[in-house]
Structure formats: C-alpha cells, structure tokens
Undergrad: 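Below is one structure. I have some questions about it.
Proteins come first, then strands; the chains are lettered A, B, ... in the order of their sequence lines, and each starts at number 1.
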Number of protein chains: 2
Amino acid sequence: MSAASQSRPLRADAARNRQLLLDAAAMIFAEHGMQASVAQIARQAGIAKGTVFRHFPTKDDLVAAIVCDQLDYLSAAGTALSDAADPTAALLEFMTSVVELQTRDRSLCQAAVGIFQDNQEIQACADRLTKITEILTERARLQGGIRGDVTGQDVILLLRGVYQAAAPLSDRQPTLWRRFLAVVFEGLRSPAAYPLPLPAPDLFRSPLGDGQSPPGARAPTSLQIRDDRGNSEEP
Amino acid sequence: MSAASQSRPLRADAARNRQLLLDAAAMIFAEHGMQASVAQIARQAGIAKGTVFRHFPTKDDLVAAIVCDQLDYLSAAGTALSDAADPTAALLEFMTSVVELQTRDRSLCQAAVGIFQDNQEIQACADRLTKITEILTERARLQGGIRGDVTGQDVILLLRGVYQAAAPLSDRQPTLWRRFLAVVFEGLRSPAAYPLPLPAPDLFRSPLGDGQSPPGARAPTSLQIRDDRGNSEEP
DNA sequence: ACCTGAACACCGTTCAAGT
DNA sequence: ACCTGAACACCGTTCAAGT
C-alpha cells in the first residue's frame, strides 16, 4: 500500500516476497526497534538477505516504508477527528493516539530523527500528518481551548518529546506517557500566562517561514532567565 | 575524576592513557553521538583499540563514564541554585541548563535510554541529579510557582522530552528547545487546571513507591478522553 | 601491569551466478 | 526479472604475544 503505484507491476513472486518482507519488518521493528538486523528480518520473512536490498536499496528505506504506513495511519486517525463536536477534546484524543502508537512501535520515533531529514517518501507522509495536525490544532485554537501561538508543528514535535520523556521507564511504567502528555497539554492550554519564545518550528521546504506564516511567531523572550539572544538561526 | 578512587592507583602510563581516552571520547561523543566507533576514539587518543577495552570492559561503560561526568556537572549546577532567592526562577534556570547541555552533547540523552537501566555508576550519578532536582522542584512548589503534584522525577524526564522534541530540527533551528521548554514549564505552573493522571514516575530501587512517597500521586483520571484504565502497571 | 594488533562474530551492502 | 549466497568493509570484543 505504501509505494505500490510505481512503474509497472511486480512479478508475482516479487510482489509476494515484498509483502512477506514488509510484514516481517513491521513485526520485528515494532518489537525490537529499528536496530534489529536485516538478517533477522530476512529470516523471519523466509527470503535471502540480498533480496531485502533488491526491494529496498538501504535498510533506512525499509524502515521508512514501515514508518510511512504508520504516519498514514495517524493521518487517517486525525482526519476522522477533524469535524468532531469538541475540537479541543478531539485534539487531545488525537495526541493520545500518536503517543500510543509510538509506545506500541519502537521504530516510529527512532526513525523520525535519523531519516526525516532526507528521505523523500517519509517527508510526504510527515507533511500529510503535519497538515491534518495543523487543522486539528487550529480548530482547538479557534475554540479557545489552546493558546493562540501554538502550531501543528509544535504539537507533533512535542508528542515526540512526550514519548521520549517516558521512554526510559517504558518497561516499568508503560503508561507513564499519559502523565507527561497531561503536563504538555496543560502547557498548551488557554489562557497563556506568557508568550512562547522563538518562532514556531517549520519542518517544510523553506529554511524559515514562507507562504502562510505560522500564527504566533516572534514573541518577546518572556520568562527566559538566562541570556537567550532570541531567534538567531545558524551561529 | 569519575571512578578514580578504586583499588590501588594506576601505573603512570595507564593513568595517562586513561585520561587521553576519556578526553578523546568526550570530544567525539559530543560531536557524533554515542554511535561513534571505538576505533575512531582510540585513533584520536593515540592508543590501540584493545587498550580501550582494558580500561572499560564495554563501549557502554565508556559512554557511561562520560555521561556520569556530565550528570555530575548538572548536579553541581543544581546545587548552586538550591538556595536562590526565587525558587521558581531557579528551577527554570536549572531546567534550561539541563536541556542546553543535552544540545551541546549528543551522547548524553541517547545514553539515558539504553544504559540508565543496568549501569551501576550511571545510576549513582542519576540519583544524585534526581535528588537535587527534587530539592529545586520542592522549593518552587512550596513557593507556589509550580503545581503541587509534580516531582523532581517528572522534571528530569520531561527535560529529556524537551530536548528530544526539538532534536529533529536541531541543525536547522538549534534553539527551538527554548520554545518547547516554555510550553512544558507552562504545563508545570500553578495553579493546576486538572490533576495529573497516574502516579509520579519512580526511577529508584523499588518497582513502585516505598520510603518517602512522591507528593501528588494517584490523582483521578482527569481529562483523559480515551479509555485509560488508570495505573495498571504490567499488563 | 599494561599495551598491542591479529582474530572473531557480527553488521549493512554488493554482486556474480543462477532460475 | 528476480532470487541467492558468497564476499566485502565495517563494527564491538577477545586474547595471545609482547614490554
């Protein structure tokens, strides 16, 4: 379902092997994270190691394919909530789903850091997810449930943070992320006591801000105590 | 300075090599993260690869030694702030320092997940840091600056989250973490709109809660929308 | 005691040889 | 076209041989 509509259709055995490979990879990455070996996945799928690299030129590409499926799943979950009666509650429910999936699949969050940057396919999926998150965020913002200077980008990245905050204890306290999600959501709530420092993050094309600029950008430095020479990009 | 006071002193050349090794490792880990190869570090230090494993039985132990130094640095920074005039501002300044160090040294945060669990040395350092963080947190709490159900454990783990949230964009927007730190700190502020779900995390010995129990534990489920069957530990 | 470098079992990746 | 498995350059780790 991920990158199927390319060139001409695969040969029967190739298509079969590809599916076996994807299934095996999804299973093993979910359990052991993306540091699981290609050999292990190939064994699980019942194909030769070399075949893996025929379907995906690099291990990262294989991870990317799996991650894309999950990002799309989250995009769908977000879309389903995009006309909910209570936008703020919908946003929280969406955020819950995102962290929940991360805890179920260890590779999702790991992959985000390493591959996000240059992988084309994952970029497209991430963009879709960002877009729907932006919609949910804006609805909650217009409802007055969350502060005015928060963007969908903020939300997505913060959800990565929520999962990672709880990750060190995930085996001993597997639902601890709910606590941290509550803290973060509390921080997003209206009314805002202090404006956020720095402009909102921008995952998209341009180095910083083009097209529709994010709403709450360029707030004064607020409560930052140490010297923060504001929004200097590259040093 | 880390684990020096063990058994009898090292031979002159061994002590010298150990220091060269630690310096090289600190430099290279900071720059490339802990996935930098042992060979690279040995080369930088000007010693043989085998010598690395004579001083540190495993690569993780080497990482742990470096990380411990940094945890101790943060503990010292926290101690220096433990009698500041404004406890809430002190806590925020401390939190800023912690995230700042993580952005300067990529290995710190990475190591926390993988090694925290079973490494003795790192446990001791982390415990010290947790203790001083607890002190700073309690002072801010008593001042009324942050909500009553937040612990030092929460703060430490959330700081990991703040860094990780900003990590995917750290090369393009290197100070973005300040924005996310502001969101999280806002979530910790008083007064609390809703109580936090789940008991506070507990990095220490016991599976859950012994000795001095954390303050705000066992709050009702608050705003969680989806089914959260509360604080069930192992499923 | 400590250092060294060859050796080992792994890893991701490549590619000639098969069907 | 696609699959296979041997081969390659790497990795962390071990250890006999040196001083």
Undergrad: Quick check on DNA chain D: between B:Thr58 and A:Gly46, whose nearest nucleotide comes earlier from the 5' end?
TA: A:Gly46
Undergrad: Considering only heavy atoms from C-beta outward, does the side chain of B:Arg178 approach that of B:Glu100 to under 4.5 Å?
TA: yes
Undergrad: Pairing donors with acceptors under 3.5 angstrom, does anything connect the side chains of B:Asp60 and B:Thr58?
TA: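 No - no donor-acceptor pair under 3.5 Å links their side chains.
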Undergrad: How far does CG of A:Leu10 sit from CZ of A:Arg16, to the nearest 0.5 angstrom?
TA: 13.5 Å
Undergrad: Reckon A:Ala36 touches a base, only the sugar-phosphate, or nothing at all at heavy-atom distances under 4.0 Å?
TA: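 Sugar-phosphate only.
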Undergrad: To the side chain of A:Phe53, which of D:dC11, C:dG12, C:dA1 is closest?
TA: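 Nearest nucleotide to the side chain: C:dG12.
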Undergrad: Counting distance only, does the side-chain N/O of B:Thr51 pair as donor-acceptor with the main-chain N or O of B:Ile47 below 3.5 Å?
TA: no
Undergrad: The side chain of A:Ala48 is closest to which nucleotide in this list: C:dC3, D:dT4, D:dC2?
TA: D:dT4
Undergrad: Should D:dA16 form a Watson-Crick or G-U wobble pair with both distances under 3.5 Å, which nucleotide is its partner?
TA: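 Checking every strand shown, D:dA16 finds its partner in C:dT4, with both distances under 3.5 Å.
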Undergrad: For C:dC11, which nucleotide is its Watson-Crick or G-U wobble mate, given both distances must be under 3.5 Å?
TA: none
Undergrad: State which of C:dC3, D:dT4, D:dC3 makes the closest approach to the side chain of A:Asn17.
TA: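 Ranking C:dC3, D:dT4, D:dC3 by closest atom to the A:Asn17 side chain puts D:dC3 first.
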Undergrad: Mind calculating the distance between CG (A:Leu21) and C1' (D:dT4) to the nearest angstrom?
TA: 15 Å
Undergrad: Mind checking if A:Thr51 touches a base, just sugar-phosphate, or nothing, with heavy atoms under 4.0 Å?
TA: base
Undergrad: Over how many whole Å does the gap from B:Arg16 atom CZ to C:dC2 atom P extend?
TA: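 Taking atom P of C:dC2 as the reference, CZ of B:Arg16 is at 15 Å.
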Undergrad: Would you kindly compare A:Ser37 and B:Ile47 by the position of their nearest DNA chain C nucleotide and give the one closer to the 5′ end?
TA: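 Of the two residues, B:Ile47 wins.
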Undergrad: Given the structure, check if the side chain of A:Lys59 and the base of C:dT13 hold any donor-acceptor pair shorter than 3.5 Å.
TA: no
Undergrad: Within this structure, what is the CG-to-C1' distance between A:Asp61 and C:dG12, rounded to whole angstrom?
TA: 13 Å
Undergrad: I want to verify a distance call: between C:dA1, D:dT4, C:dC3, whose nearest atom is closest to the B:Ala14 side chain?
TA: C:dC3
Undergrad: Whole angstrom is fine here: how far is it from CZ in A:Arg43 over to C1' in D:dT4?
TA: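 For the pair A:Arg43 CZ and D:dT4 C1', the rounded distance is 16 Å.
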Undergrad: Any idea which of D:dA1, C:dA1, C:dC3 is nearest the B:Arg11 side chain?
TA: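 Of the options given, the side chain of B:Arg11 lies nearest C:dA1.
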Undergrad: Between B:Asp60 (CG) and D:dG12 (C1'), how many Å, whole number?
TA: 10 Å
Undergrad: Quick one: does B:Lys49 reach the base of D:dT13 with a side-chain donor-acceptor pair under 3.5 Å?
TA: yes
Undergrad: Has B:His55 got a side-chain N or O lying under 4.0 Å from the OP1 or OP2 atom of C:dC3?
TA: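 It does, given that an N or O in the side chain of B:His55 lies less than 4.0 Å from OP1 or OP2 of C:dC3.
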Undergrad: From CD1 of B:Ile41 over to P of D:dT13, roughly how many Å is that when rounded to an integer?
TA: 11 Å
Undergrad: Expressed in angstrom and rounded to an integer, what is the separation of B:Gln19 atom CD from C:dC2 atom P?
TA: 16 Å
Undergrad: Given 3.5 Å as the limit, does a donor-acceptor pair link the side chain of A:Glu134 with the main chain of A:Gly152, or not?
TA: yes
Undergrad: Return yes if some donor-acceptor pair links the side-chain N/O of B:Ser170 with the main-chain N/O of B:Ala166 below 3.5 Å, else return no.
TA: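 A pair under 3.5 Å: no.
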Undergrad: Atom CG of A:Asp13 to atom C1' of C:dG18: distance rounded to whole Å?
TA: 14 Å
